[in-house]
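Below: the structure, in structure tokens.
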Amino acid sequence: MPPHARVAALFVTLTMILWPAASSPAAATDDDPASTVAAPTPSVARPIPNERFTLSGSLGASVRRVVQLQTYHGGAWEVVQRQAVASSGDYSFTVTQPASVRTRWRVLADRIERDGRNWEERVTAPRTLFGRPQAVTTSVARSVRAGHAVRLTLFAAPPRPGRVLTLQRDSGRGWTTVASLRADETGHATYVFRTREVAKTRFRTVARDHHGAPAFAGPAAAVYAIGSRPVGVMAWRGDSLGYPENTLDAFRSAVRQRADFIEMDFQPTADGEWVLLHDDDFRRTTDVEARFPERRTASPREFTLAEVQSLDAGSWMAPRFRGVRVPTIEEAFDAIDVAERLHGHRVRLVVELKGESPSEMRALYRKVVSLRPGWVSRTRHDDKAIFMSFEASHFDFPGAERTGMERVAVKDEPDPADVHSGPFAQVHLHTRLLDAGLVDRYHRQGAAVGTWPAVNTAAVLRAAVAGVDYVTTDDVAGARRALLQE
């Protein structure tokens, strides 16, 4: 038989075999074999607890039948909803996110026989969703000039486009609504607020209830509207956030960062020299316990200058400061002079006596004048060097009134009289005593007012709003930024 004849015969044979199967009734076979299809698609990627959302998709074309939405719980699949779907197999379930963080969902169509045909079970792949707690924030600049506008950014996560975000403010009399805005696709909204007076104002965002997700209030963010009058920055023991306190590097940095004042602490040694130290002993800021364990709690008055300068005054803060020494008054003044010339910036010095008697204050005054005669004037104010002590009696040495020294009073406890005794040029208040009324009272008595320790942005700005003339801080650059001086 020729080849083409063999092909024709084979085709006839196959046709005779397959034709009966192709034309037999549907009941004889499974027309819809069991299959797994794509997982349901959620309308939100990270549902919020109690939020309503949809799970939708398609099981594929078949016949109209009932499908089940199932969730995985306790090691087994449980039916939570049923729905009749059309022959297209499209479904859409509205569900509520439970409090649990992780949920698994799937859709199942049971095997069905209809009109003599079998439609096998169909099931989707599971969809795992991770719930997300709400987070709401309000972002705003920390400070602004009074009378100027400030932009606030409201944000609610996870993002829900169109969700109502209510901006509220509190100026000390409770929360009031400023505006209600709609979140964009990223969950953000913005608002421009114009300040009117020197004051602190707190803002917060409240995300309103949305598709079952409950309303949620975010934390407050404060903006300080500060006046146009400059507020001086005083470097507390130098620029001591980044450098060991009362060291040459801390003083140089204070000048470089354009501080207005440097506050520095002096104490005498056993051989009559003056060194920089705040505490009553060297334990916190040096390695005295390792070098002189028998005198670890001793005053610097029990150490010679050579012994003091053998101490490591930097390692306590960081290894990179190993070998930094306790400076003398001469070294400190020289370093400041050089830094002023290098950076073209003049600072004033608050020379604080950590002393025991008026005689020590007199000795310190004489030392300063002997080293820098032009720094203290008998007849005018705004001296380069002014003098401070926690003990007002330290200024009561013979002839003190003829020195012309500018004095700084320190108050770290409530004063029922609310007055400063004696001819003080400045009064420094501890931040826990700071009050706008008290600041105003001292101003009316003729004194400039400072505060310490303003060791963060909020403390600096609280002081500015209270009306002080100076803030004493360990972060000169940070304080200047907060006070809008850069």
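Just so you know, these numbers come straight off a predicted model, no measurement behind them. We count residues from 1, following the sequence as given.
With a 4.5 Å cut-off on side-chain heavy atoms, H430 and T451 do not count as touching. Contact check for V376 versus T403: no side-chain heavy atoms found under the 4.5 Å cut-off. Contact annotation: the side chain of F395 approaches that of F424 to within less than 4.5 Å [non-hydrogen atoms, C-beta and beyond]. No side-chain heavy atom of F266 sits less than 4.5 Å from a side-chain heavy atom of K354. Looking only at side-chain heavy atoms (C-beta outward), T176 and Q168 stay at 4.5 Å or farther from each other. Between L152 and T205, every side-chain heavy-atom pair lies at or beyond the 4.5 Å cut-off. Counting heavy atoms from C-beta on, the side chains of T328 and L305 come closer than 4.5 Å.
Taking the six-membered ring for Trp and the full ring otherwise, F387 and W375 have centroids separated by 6.0 Å or more.
Residues A146 and A225 approach most closely at CA-CB, 4.0 Å, considering heavy atoms. Considering all non-hydrogen atoms of both residues, S43 and F53 come closest at OG-CB, 3.3 Å. Nearest heavy atoms, I48 versus Q97: O-CB, 3.3 Å. Scanning all heavy atoms of the two residues, the minimum distance from H345 to V255 falls at CD2-O, 3.7 Å. The two residues P293 and A290 make their nearest non-hydrogen contact at CD-O, 3.8 Å. Nearest heavy atoms, A217 versus V206: CB-CG2, 4.0 Å.
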ring-ring contact (aromatic ring centres under 6.0 Å, His included) between F292 and F282, worked out:
CA-CA 10 Å; F292 302 102; F282 292 103; 8.9 Å; no

Mind running side-chain contact (heavy atoms from CB on, under 4.5 Å) on V80 and V95 for me, showing each step along the way?
CA-CA 9 Å; V80 292; V95 298; 5.6 Å; no

If you apply the rule side-chain contact (heavy atoms from CB on, under 4.5 Å), what do you find for D312 with R325, and how did you get there?
CA-CA 6 Å; D312 180 341; R325 300 304 173 194; 4.2 Å; yes

Please report the C-alpha distance between K200 and V223 in whole Å, then the side-chain angles of each, then the deciding distance to 0.1 Å, and finally whether the side-chain contact (heavy atoms from CB on, under 4.5 Å) criterion is met.
CA-CA 6 Å; K200 170 189 174 183; V223 60; over 6 Å; no

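Below 30°, between 30° and 60°, or above 60°: for H428 and Y470 the angle between ring planes is between 30° and 60°, a tilted geometry.
A cation-pi arrangement, defined by a distance under 6.0 Å to the six-membered ring centre and an angle within 45 degrees of its axis, is present between R295 and F303. Taking the ring axis of W175 as reference, the NZ or CZ atom of R204 stays within 45° of it and closer than 6.0 Å to the ring centre.
Atom NE2 of residue H188 and atom OG1 of residue T153 lie 7.0 Å apart, to the nearest 0.5 angstrom. Within the model, atoms CG of D239 and CG of L241 stand 7.0 Å from one another, a figure rounded to the nearest 0.5 Å. The OG1 atom of T286 sits 10.5 Å away from atom CH2 of W316, with the distance rounded to the nearest 0.5 Å. Of the inter-residue distances, the one linking R102 atom CZ with L129 atom CG reads 10.0 Å to the nearest 0.5 angstrom.
Proximity of a side-chain donor or acceptor of R163 to a complementary backbone N or O of R182 within less than 3.5 Å is not detected. The closest donor-acceptor contact from the side chain of D475 to the backbone of G478 lies under 3.5 Å. With R480 contributing its side chain and Q485 its backbone, the two residues share a donor-acceptor pair below 3.5 Å. With hydrogens and angles disregarded, no donor-acceptor distance shorter than 3.5 Å links the side chain of R151 to the backbone of T190. Listed for the R291 side chain is no donor-acceptor partner under 3.5 Å among the backbone atoms of E289. A distance-only check finds no donor-acceptor pair linking the side chain of D279 to the backbone of D281 [under 3.5 Å]. Looking only at distances, a side-chain donor or acceptor of T195 sits under 3.5 Å from a matching main-chain atom of G147. Looking only at distances, no side-chain donor or acceptor of R52 sits under 3.5 Å from a matching main-chain atom of A213.
Counting non-hydrogen atoms of other residues, nucleotides and ligands closer than 6.0 Å to CZ of R322 gives a total of 12 or fewer. In R284, the CZ atom is crowded: over 12 heavy atoms of neighbouring residues, nucleotides or ligands sit closer than 6.0 Å. Surrounding NE2 of H73 are at most 12 heavy atoms belonging to other residues, nucleotides or ligands under 6.0 Å away.
In summary, the side chains of T94 and T54 do not present any donor paired with an acceptor at a separation below 3.5 Å, with no hydrogens or angles considered.
With sequence neighbours excluded, the residues that form a side-chain contact (heavy atoms from CB on, under 4.5 Å) with S143 are L461, L484.
Paired with E340 under the rule salt bridge (Lys or Arg N to Asp or Glu O under 4.0 Å), one option of R252, R256, K384, R258 passes, and it is K384.
Pairs engaging residues 260-274 under the side-chain hydrogen bond (donor to acceptor under 3.5 Å, both in side chains) rule: N246-D265, Q267-R301, T269-D271 [sequence neighbours left out].
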